[in-house]
A.B. asks: 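Once you've had a glance at the structure underneath, I'll fire off some questions.
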Amino acid sequence: MEYNFRKIEKKWRTNWEKSQLYKVDIDYNKQKYYVLDMFPYPSGAGLHVGHPLGYIASDIYARYKRLQGFNVLHPMGFDAFGLPAEQYAIQTGQHPAITTDINIRRYREQLDLLGFSFDWSREVITCDPKYYKWTQWTFIKLFKSWYDKSIEKARPIDELITIFETEGNANINAATNQTKIFSEKDWRGFNEKEQQDILMNYRLAYLSDTFVNWCPALGTVLANDEVADGYSVRGGYPVERKKMKQWLLRITAYADRLLAGLELVDWAEHIKEVQRNWIGRSEGALIRFPLKDIPDKYIEIFTTRPDTIFGVTYVCVAPESELVALITKTSEKDKVEEYIKKSLNKSERERLTDIDKKTGIFTGSYAIHPFTGEEIPIWIADYVLASYGTGAVMAVPAHDSRDYAFAKQFGLPIKEVIKGGDISKEAYEDLEGECVNSDFINGLKPAEAIQKVIEEAEKRGIGSRKVNYRLRDAIFSRQRYWGEPFPIYYKDGIPYPLDESKLPLELPPVDSYLPTEDGKPPLARAKNWKTEEGYPLETSTMPGFAGSSAYYIRYMDPNNDNELVSKQAVDYWRNVDLYIGGAEHATGHLIYARFWNKFLYDIGVVVEDEPFAKLINQGMILGRSNFVYRAKPIDFAIYKLKNILPLIFDNYELNLQNDIITVSLPHFKTYILIAKNDDIAYAQALAASLATNDNKILIINIANILLGNNLKEIIENEIKNLREREIKLIGEDITLPPIFVSKNVEGREEYTYPIHVDISLVRNDILDVEAFKKWQPEFANAHFILEGDKYICGWEVEKMSKSKYNVQNPDDVVNEYGADTLRLYEMFLGPVEQSKPWDVAGIEGVHRFLKKFWRLFFDDKDNFYLSDIEPSKDELQILHKTLKKVQEDIERYAYNTAISTFMVAVNSLQELHCNKKAILEPLTIALSPFAPFITEELWQLAGHTDSIHNAKFPIYNEKYTIDDTCTYAVSFNGKTRFTLDIDLAADEETVKKIVLSHPQSQKWLEGKEPKRVIVVKGKIVNIVV
RNA sequence: GCCCGGAUGGCGGAAUUGGUAGACGCGCUAGUUUCAGGGACUAGUACUGUCACAGGUGUGCAGGUUCGAGUCCUGUUCCGGGCACCA
């Protein structure tokens, strides 16, 4: 019987769906295991072969765990809100829900082909109101919470109000942007608006007037992780800084926990590192510099280098800082205002370029150095970031390269306080050296000085130790249509949350997906976008990461309309044991989801502080592009002539004139003009001008040069037969077809240029010439210069993209080879984490392996036959060694080596003609996570009624994994010379004796006595001569 | 500039703890076949050398540690990724 994968796979797809094989429920008799994939955004292009890489890897693990008796949760869904669908809606007027739904169905079809063990009854779709109800619900919870730093936990806002009412805010250690202190009496005296404004400074979801990343092209603000180098990550449009009122999430409250939690999770080190950088914790000190002219007022700065405080030569404030008004002297006011205006209008992009060229302006006022009492000028400069630290810095040009550049620019003093560098050339930033010119820290090492200065500052009450974070609060509103509406309404301009019973607040229909005339978001177009009481609703929507921040929780209990997740479900499933997805989410989704989870943990919804215990980032599958080489006719002709002419003439000169090649042969008083068909007239004119002085002229159509065979003879004969003053035109009157030159034809690089060719027209880098001619009309009459009888294409590894004609569609591969082959091949390519090129050629190998495996189960007459005969020791050894290796490999996610282990086993069993049930059945189970269809079919043919995917993973027997003898590598001075099989039981002395008495040893010893013999039992013998 | 990775045949990759470098697959070469072939099978395939053996050289480069280094250490080059005026 033939391995008919199409029939087999179709049969089992239906069968499994009917029997609900992959549906899971809470089962207290089994241990849970949660395997999750980052759910896809369903784009219009469908899946290409790179997408399933992670899904296959996770599916293998999920199936393996299941075979080991775990209750495996392995769900899938769709991240369906987002910009591309909305952009498409703007272009076509189609509702994004419709196109999204079409795309989801297409994705689902493609995913279904691949035989994943997803429990589709748990599917979540983020744009489904039943789902986003809980996104909105969580937002309300965030709105109604504040963060108590003294217990490192979120608490209800009502408790904060109680504290305000009883003692004001003086003793609260909260994550807040509230700076004013008030008493309980003050609180009671505030009106509703004043109270709400203060509470807003404490809420974990809050509305704030801040500088945001505004992207005019997309018509929306973006979060920091959505901006790279001043351009939007999606679409690549320029981004500006703009002050706007926006919703933010107070993720900074969790900075410390987000950092600490990284120690508890099993993630790739580089991803943790990216998150650490993103959080950007730095230890230092807050130090106050009193203002010279205004008593009791000061500038507070943050520094990580208090050891350089005696090197401060100016203080610098960000243009956005509130201090600006206070410190600007009337005399300087105009200039300062002009500078601020200019710098605030700079785009993010402009600000990032010319980092070396600093700008700034003197304010006219001075601060007092807290230790020396010196007067220090105060400047404003946009190299100081308003949003980091206090928005002001103490500038130490000698030991900070930015301050150094600024000081040089404006002629400010540079004062060395740490010995070790050469400050006449550049700032010395190292922590090595010794403090000088620094009062009480002279002679200390910088590291010690840092501590000493902080202690001293605290003693004198002028500063304190402080930890700062680079992490910013996440901007949470988007001025777009296709996202979750905020469950917020406004009463007298004050935002209030909707009552939970009103959720979900569904996305209303609008007549257009564009902003309104007066620049309001699309939701402002919706009719009756207000509460029942008539209060207007928020018109922004939530960003992409809102819906993806808690989807893994919702999978645990996806159809629960009363809770985000039931206590029972979350107690059982807890968190994700294995999470697989792309590394591009390191600073976006993976940090927001951790934050979101920690908040839900604080309010008692989830039970684990970290959502993803183990993370694997799959690499990309890159495309393997193919190229054909199209000849540049003139260059090609010149190349050919240069090869032929020397064989005929001793002396000639070759020139190029207006696309016509002229060859002058002074000896023969002859010119040869080579012209393209459409240049013949010009060539004739040219010939006429040359035809003085008795010259003979031959005009040749370039097609003859490029396509003709006996070029040499033609030229020779024609020259011979030319008469005096004759102008002769030879060659057929044909237009030059496109000419393609095979890759390894000599000199090809000189006269061709590569163009991408569709990879479906190429097999093993050999071009299907006929198919190529049909590919594009202009190539219909193409001419090919072959190698032998083949056209060989060039290739290169690039990202998969339509324009490079290198996209491989999984459906096509499944159709040609089957899903099992595709699964196996994607895993066989190399380690999951690594990016690698997709090469169609290699797929034959794994397909062949499956066919070989299949054939083991059939006899000469092609009947299914498994023998019940006891297996031999050899066979048992093959089986158990394979099982051991495969299990070890799966557990370290090294699927590529697991598959080669199977290949080795099948090759060996085939050699032994093994068809024994006791060997092949366990092997089939072990292979089933990789190739679920073929194994299920063989399992059924072997007479089993239950699915192989409910079987038990076979346990290997150590006894059969050990050989009796060992092949020792015998080396002399570390160079292996020969191998020797010796009984494994032999002790070192025996091994030594056997090796030394071997005739080969005598040869290598050359009669000398060995200086030393090293025997590593079971491995090698090294003889030092 | 800073921080992470990586570099092994014609190609993807293997070598898990310092112990036979190149498993497995592709490709290529030759052959077998009751063969339409893009089928199945057998043998070979790091480089160099030789009729064949023998030998020599080999994991980006230069050193070092070791009986022994792809693996550890130092320096260096190149490639990929992340961050980037974060005080």
Side-chain angles (χ1 to χ4, degrees), chain A residues 228-229 268-278 280-282 284 301-305 308 316 351-352 354-356 358 381-385 387-396 399-403 405-406 429 468-472 583-584 586-587 624 763-766 795 797 824-825 828-831 833-849 851-852 855 885 888-889 892 894 896-904 907 910 967-979 1003 1010-1016 1018-1025:
Chain A
D229 282 339
E269 200 44 51
H270 74 274
I271 294 287
K272 291 194 196 181
E273 200 55 38
V274 168
Q275 291 217 345
R276 281 188 203 113
N277 289 341
W278 192 257
R281 183 182 199 269
S282 48
I301 58 92
F302 173 73
T303 177
T304 56
R305 292 295 301 272
T308 63
C316 207
R351 220 178 153 163
L352 286 172
D354 295 335
I355 279 179
D356 298 329
K358 302 267 187 281
D382 63 6
Y383 82 91
V384 178
L385 301 177
S387 48
Y388 184 75
T390 59
V393 301
M394 62 175 213
V396 185
H399 305 292
D400 182 290
S401 55
R402 296 152 303 179
D403 298 340
F406 190 84
E429 296 182 313
N468 232 321
Y469 297 93
R470 200 187 79 106
L471 185 72
R472 306 288 151 77
E584 67 275 16
T587 52
R624 189 178 186 279
R763 194 172 190 99
N764 295 344
D765 292 335
I766 298 164
W795 61 272
V797 171
L824 231 37
Y825 183 54
F828 184 68
L829 276 172
E833 300 90 335
Q834 214 166 294
S835 288
K836 56 229 143 190
W838 175 267
D839 186 348
V840 223
I843 203 165
E844 301 277 356
V846 286
H847 189 63
R848 221 165 277 159
F849 156 73
K851 282 199 273 190
K852 273 192 215 171
R855 241 176 290 128
K885 173 92 173 113
E888 283 169 0
D889 284 351
R892 62 188 181 103
N896 54 332
T897 50
I899 292 166
S900 55
T901 305
F902 279 118
M903 287 174 168
V904 173
N907 288 344
Q910 188 184 30
T967 308
Y968 280 86
V970 182
S971 54
F972 292 79
N973 293 331
K975 282 206 191 309
T976 306
R977 297 303 182 180
F978 61 96
T979 60
K1003 179 190 155 188
K1011 267 191 205 152
R1012 199 174 150 192
V1013 179
I1014 294 132
V1015 178
V1016 180
K1019 285 194 173 136
I1020 58 113
V1021 178
N1022 189 19
I1023 297 156
V1024 185
V1025 186

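Naming convention: chains lettered A, B, ... in sequence-line order (proteins, then strands); numbering from 1 in each chain.
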A.B. asks: Using the P atom as the reference point in each nucleotide, state the distance between B:U76 and B:C4 in Å, no decimals.
C.D. replies: 15 Å

A.B. asks: Could you measure between the two P atoms, the one in B:G60 and the one in B:A40, and give it in whole Å?
C.D. replies: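 To the nearest whole Å, 36 Å.
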
A.B. asks: Grab the N/O contacts between the protein and nucleotides 1-9 of chain B below 3.5 Å, and write none if there aren't any.
C.D. replies:
none

A.B. asks: First locate atom CD1 of A:I1023, then atom CZ of A:R1012, and finally report the distance between them rounded to the nearest 0.5 Å.
C.D. replies: 13.0 Å

A.B. asks: Where each residue is assigned the nucleotide of RNA chain B containing its nearest heavy atom, which of A:T587 and A:G845 is assigned the position nearer the 5′ end?
C.D. replies: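 Taking each residue's closest nucleotide, the earlier one in sequence belongs to A:G845.
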
A.B. asks: Taking any heavy-atom pair under 4.0 Å as a contact, classify A:Q910: base, sugar-phosphate, or nothing.
C.D. replies: sugar-phosphate

A.B. asks: Measure from the side-chain heavy atoms of A:L385 and tell me the nearest of B:A40, B:C24, B:A87.
C.D. replies: B:A87

A.B. asks: When the C1' atoms of B:U74 and B:G81 are considered, how many whole Å apart are they?
C.D. replies: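 B:U74 and B:G81 have their C1' atoms separated by 25 Å.
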
A.B. asks: Give, for atom CD of A:Q834 and atom CG of A:N896, the distance between the pair rounded to the nearest 0.5 Å.
C.D. replies: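 Reported to 0.5 Å precision, the distance equals 8.5 Å.
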
A.B. asks: Starting at the 5' end of RNA chain B, which residue's closest nucleotide do you reach first, A:L471 or A:E844?
C.D. replies: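 Nearest nucleotide further toward 5': that of A:E844.
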
A.B. asks: Toss me the dot-bracket line for RNA chain B: Watson-Crick and G-U wobble, both under 3.5 Å, 5' to 3', using | for pairs to another strand and [ ] for crossers.
C.D. replies: (((((((..(((......[....)))(((((((.....)))))))(((......)))..(((((..]....))))))))))))....

A.B. asks: Return the value, rounded to whole Å, for the distance between atom OH of A:Y825 and atom P of B:G13.
C.D. replies: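 Computing the A:Y825:OH to B:G13:P distance gives 10 Å.
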
A.B. asks: Could you run down the sub-3.5 Å N/O contacts of the protein with nucleotides 52-60 of chain B?
C.D. replies:
{"unit_1": "B:G55", "atom_1": "OP1", "unit_2": "A:K1003", "atom_2": "NZ", "d": "3.3"}
{"unit_1": "B:G56", "atom_1": "OP2", "unit_2": "A:R977", "atom_2": "NH1", "d": "3.2"}

A.B. asks: Keeping A:R470 on the side-chain end and A:N277 on the backbone end, is there a donor-acceptor pair under 3.5 Å?
C.D. replies: yes

A.B. asks: Whether A:Q275 contacts B:G82 is assessed here as follows: a side-chain N or O lying under 4.0 Å from the phosphate OP1 or OP2. Is that the case?
C.D. replies: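 No, A:Q275 has no side-chain N/O under 4.0 Å of OP1/OP2 on B:G82.
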
A.B. asks: In this structure, how many angstroms lie between the P atom of B:C26 and the CD1 atom of A:I843, rounded?
C.D. replies: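 My rounded result for the distance is 12 Å.
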
A.B. asks: When you compare B:U17 with B:G27, how far apart are their P atoms, in angstrom units rounded to a whole number?
C.D. replies: 33 Å

A.B. asks: Strictly distance-based, threshold 3.5 Å: is any side-chain N or O of A:S971 a donor or acceptor partner for the main-chain N or O of A:R977?
C.D. replies: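 No, because the side chain of A:S971 does not come within donor-acceptor range (under 3.5 Å) of the backbone of A:R977.
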
A.B. asks: Mind calculating the distance between NE2 (A:H399) and P (B:C85) to the nearest angstrom?
C.D. replies: 23 Å

A.B. asks: Strictly below 4.0 Å, N to O, side chains only: are A:K851 and A:E844 in salt-bridge contact?
C.D. replies: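 Looking at A:K851 and A:E844, the cut-off is not met.
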
A.B. asks: Using the C1' atom on both, measure B:G68 against B:C79 and round to a whole Å.
C.D. replies: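 The same atom, C1', in both gives a distance of 31 Å.
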
A.B. asks: Does a side-chain N or O from A:S282 land closer than 4.0 Å to OP1 or OP2 of B:A87, or not?
C.D. replies: yes

A.B. asks: Checking A:S401 now: which residues fulfil side chain to side chain donor-acceptor pair (under 3.5 Å) with it, not counting sequence neighbours?
C.D. replies: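 Listed in chain order: A:E429.
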
A.B. asks: Using the P atom on both, measure B:G25 against B:U42 and round to a whole Å.
C.D. replies: 11 Å

A.B. asks: Kindly give the heavy-atom pair with the smallest separation between A:G830 and A:K836, and that separation in Å.
C.D. replies: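 Distance-wise, the nearest heavy atoms are O-NZ, 3.5 Å.
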
A.B. asks: What's the separation between atom CD1 in A:I1020 and atom OG1 in A:T967, rounded to the nearest 0.5 Å?
C.D. replies: 14.0 Å

A.B. asks: Which value, in whole Å, describes the distance between the C1' atoms of nucleotides B:G44 and B:G5?
C.D. replies: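 To the nearest whole Å, 38 Å.
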
A.B. asks: Could you tell me the separation between the OG1 atom of A:T390 and the CG atom of A:L385, rounded to the nearest 0.5 Å?
C.D. replies: 11.5 Å

A.B. asks: Looking at the side chain of A:V1024, which of B:C41, B:C67, B:C24 is the nearest nucleotide?
C.D. replies: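 The answer is B:C67.
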
A.B. asks: Do the ring planes of A:F972 and A:F978 sit parallel (below 30°), tilted (30 to 60°) or perpendicular (above 60°)?
C.D. replies: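 If you compare the ring of A:F972 with that of A:F978, the planes turn out tilted.
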
A.B. asks: About how many Å separate CH2 of A:W278 and OG1 of A:T587, when rounded to the nearest 0.5 Å?
C.D. replies: 4.5 Å

A.B. asks: Separation of A:F849 atom CZ from B:C26 atom P, in whole Å?
C.D. replies: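 That distance rounds to 12 Å.
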
A.B. asks: Return the value, rounded to whole Å, for the distance between atom CG of A:L829 and atom C1' of B:C24.
C.D. replies: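 The answer, rounded to whole Å, is 13 Å.
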
A.B. asks: Does A:R1012 make a side-chain N or O approach to OP1 or OP2 of B:C67 shorter than 4.0 Å?
C.D. replies: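 Answer is yes, contact under 4.0 Å.
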
A.B. asks: Base, sugar-phosphate or nothing for A:D403? Non-hydrogen atoms, less than 4.0 Å.
C.D. replies: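 Answer is nothing: A:D403 stays at 4.0 Å or more from every strand.
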
A.B. asks: Could you measure the distance from the CG atom of A:L824 to the CE atom of A:M903? Nearest 0.5 Å is fine.
C.D. replies: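 Answer for the CG-CE pair, A:L824 versus A:M903, is 6.5 Å.
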
A.B. asks: Salt bridge or not between A:R276 and A:E273? Use side-chain N to carboxylate O under 4.0 Å.
C.D. replies: yes

A.B. asks: Tell me every residue that passes ring-ring contact (aromatic ring centres under 6.0 Å, His included) with A:Y968, counting only those two or more places apart in sequence or in another chain.
C.D. replies: none

A.B. asks: Give the minimum heavy-atom separation between A:D403 and A:A395, together with the two atoms involved.
C.D. replies: OD2-CA, 3.3 Å

A.B. asks: Under a 90° cut-off about 0 for the syn range, is B:G22 syn or anti?
C.D. replies: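 Anti.
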
A.B. asks: What nucleotide among B:A84, B:G25, B:A87 has an atom nearest to a side-chain atom of A:F828?
C.D. replies: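 In terms of side-chain proximity for A:F828, the closest of B:A84, B:G25, B:A87 is B:G25.
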
A.B. asks: Mind checking the C1' distance from B:C26 to B:A14? Whole angstroms is fine.
C.D. replies: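 The answer is 15 Å between these two C1' atoms.
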
A.B. asks: Quick one: A:R848 CZ to B:G39 C1', roughly how many Å, whole number?
C.D. replies: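 In whole Å, B:G39 C1' lies 10 Å from A:R848 CZ.
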
A.B. asks: For the residue pair A:F302 and A:Y388, categorise the inter-ring angle as parallel (less than 30°), tilted (30 to 60°) or perpendicular (more than 60°).
C.D. replies: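 Perpendicular: the ring planes of A:F302 and A:Y388 meet at over 60°.
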
A.B. asks: A:P837 side chain: which of B:G12, B:C41, B:C85 is closest?
C.D. replies: B:G12

A.B. asks: Please tell me if A:R624 has a side-chain N or O lying less than 4.0 Å from either OP1 or OP2 of B:G12.
C.D. replies: no

A.B. asks: How would nucleotides 14-21 of chain B be written as a contact map, 5' to 3', with B for base contact, S for sugar-phosphate-only contact and - for no contact, using protein heavy atoms under 4.0 Å?
C.D. replies: SSB--BBS

